Amino acid sequence: MKTRLCLIGYGKMGKMIASLADSRDCEVVSSIDPNSPQSHAHITAETIGNADVCIDFSHPSVVLSNIHKVIALGKPLIVGTTGWSGHLEDIRHQVEKAGTGLVYGANFSIGMSVFTHIVTEAVKAFDHFDNYDIFGLEMHHNQKADSPSGTALELSKIIMENCSRKASTLFDTAYRRIEPHELHFASIRAGSIPGTHMVGFDSEADTIELVHRVRSRDGFAYGALQAAKWIVGRQGFYSFSQMISELLC
Ligand SMILES: NC(=O)c1ccc[n+]([C@@H]2O[C@H](COP(=O)([O-])OP(=O)(O)OC[C@H]3O[C@@H](n4cnc5c(N)ncnc54)[C@H](OP(=O)(O)O)[C@@H]3O)[C@@H](O)[C@H]2O)c1
């Protein structure tokens, strides 16, 4: 039987999830978005209807109130909307108390999650061989608001935690010789470059480059659909990367 979805927020992501739902054996039975004529305006038991699970890609200003409402109605929830990280522990407590399930994440790309896992294992492996140095590079289009990217910050953190030879990250140009304990992670912004993250390992003998390159935003929607199917029938509070780790076990 198809997994029945209620989409909270029917903007770019909501519409993309709706268009890909069928390909992942899901169907949209309801959508809630006060600014979309074809959607309901408010979250209630009636507007969620017979959905098995809700997916929120709405707006940081309303996401916390949406989460509270869905938990109170006892429905599992996938939250792609960001901006509530200061409330994680409170929401975890509420989800556990209500005996429902929730998966959240700032990046629902399955490819990026598996890439992160691969980078972690590669860093651990090369930590045994001190003739290999590590570096990072991220490239994005010239409209990107932040630099370095949030993913570059996350990757550098993973490298720091798993490589005993690196103690700090240099995201800027050094204008001097780099110290051995420094990880150089560079950012480039130009044109329409699709989001690209690379982690490299370099020795006198060879170079290994791990690269993740975004092709479209579909990856976020596929990840949200996978999480929706995964959380139905489960209890607990999970990050998207925890879910991916469980699937990889
Ligand atoms: N985790 C991930 O992988 C991931 C990926 C992509 C995007 N995101 C995040 O997801 C969110 C949505 O992204 P998007 O690109 O789909 O944005 P979007 O196109 O602006 O869509 C959001 C929709 O939600 C509506 N909305 C506002 N208040 C609402 C409420 N109370 N209840 C339900 N819907 C409401 C918005 O209306 P108005 O436009 O009138 O406000 C809009 O139609 C953003 O926070 C974005 O950063 C996360």
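Keep in mind that the numbers below use all heavy atoms, side chains included, and drop hydrogens, waters and symmetry copies. Given the structure is predicted, the values throughout are model-derived calculations rather than measurements. Note that ligands are numbered from 1 as they come in the structure, with each ligand's atoms numbered from 1 the same way.
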Provide the number and element of each atom of ligand 1 under 4.0 Å from a heavy atom of [X].
{"X": "I32", "value": "33 (C), 34 (N)"}
{"X": "V62", "value": "28 (N), 29 (C), 30 (C), 31 (N)"}
{"X": "T81", "value": "10 (O), 45 (O)"}

Would you call [X] and [Y] a salt bridge, using N to O less than 4.0 angstrom?
{"X": "D130", "Y": "R165", "answer": "no"}
{"X": "K166", "Y": "E161", "answer": "no"}
{"X": "K144", "Y": "D146", "answer": "yes"}
{"X": "D52", "Y": "K229", "answer": "no"}

Practice prompt. Mark the output for R217 as yes if a heavy-atom distance to ligand 1 is under 4.0 Å, and as no if none is.
Written response: yes

Fill in: P34 heavy atom under 4.0 Å from ligand 1
yes

Just let me know how [X] lines up against ligand 1, side chain, backbone, both or neither, with a heavy-atom cut-off below 4.0 Å.
{"X": "S36", "result": "neither"}
{"X": "F57", "result": "both"}
{"X": "D33", "result": "both"}

Could you check which of [options] puts a non-hydrogen atom nearest to [atom]?
{"atom": "atom 6 (C) of ligand 1", "options": "H40, H59, M13, K15", "answer": "M13"}
{"atom": "atom 11 (C) of ligand 1", "options": "G80, S58, G105", "answer": "S58"}
{"atom": "atom 19 (O) of ligand 1", "options": "M112, M16, K12", "answer": "K12"}

Item to complete: Taking the six-membered ring for Trp and the single ring otherwise, decide whether the centroids of F108 and F240 are under 6.0 Å apart.
Response: yes

Item to complete: For ligand 1, find out whether one of its N or O atoms is nearer than 3.5 Å to an N or O atom of G14.
Response: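 No, there is no polar N/O contact under 3.5 Å.
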
Item to complete: Flag I8 as yes when one of its N or O atoms lies below 3.5 Å from any N or O atom of ligand 1, and as no otherwise.
Response: no

Worksheet item: For the atom pair OH (Y10) and OG (S58), what is the distance rounded to the nearest 0.5 Å?
Response: 15.0 Å

Discussion item. Can you tell me how far apart CD (Q94) and CD (E96) are? Round to the nearest 0.5 Å.
Written reply: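 These two atoms lie 11.0 Å from each other.
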
Worksheet entry | Student check: side-chain heavy atoms of L88 and Y104 closer than 4.5 Å |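 Heavy-atom side-chain distance check passes, below 4.5 Å.
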
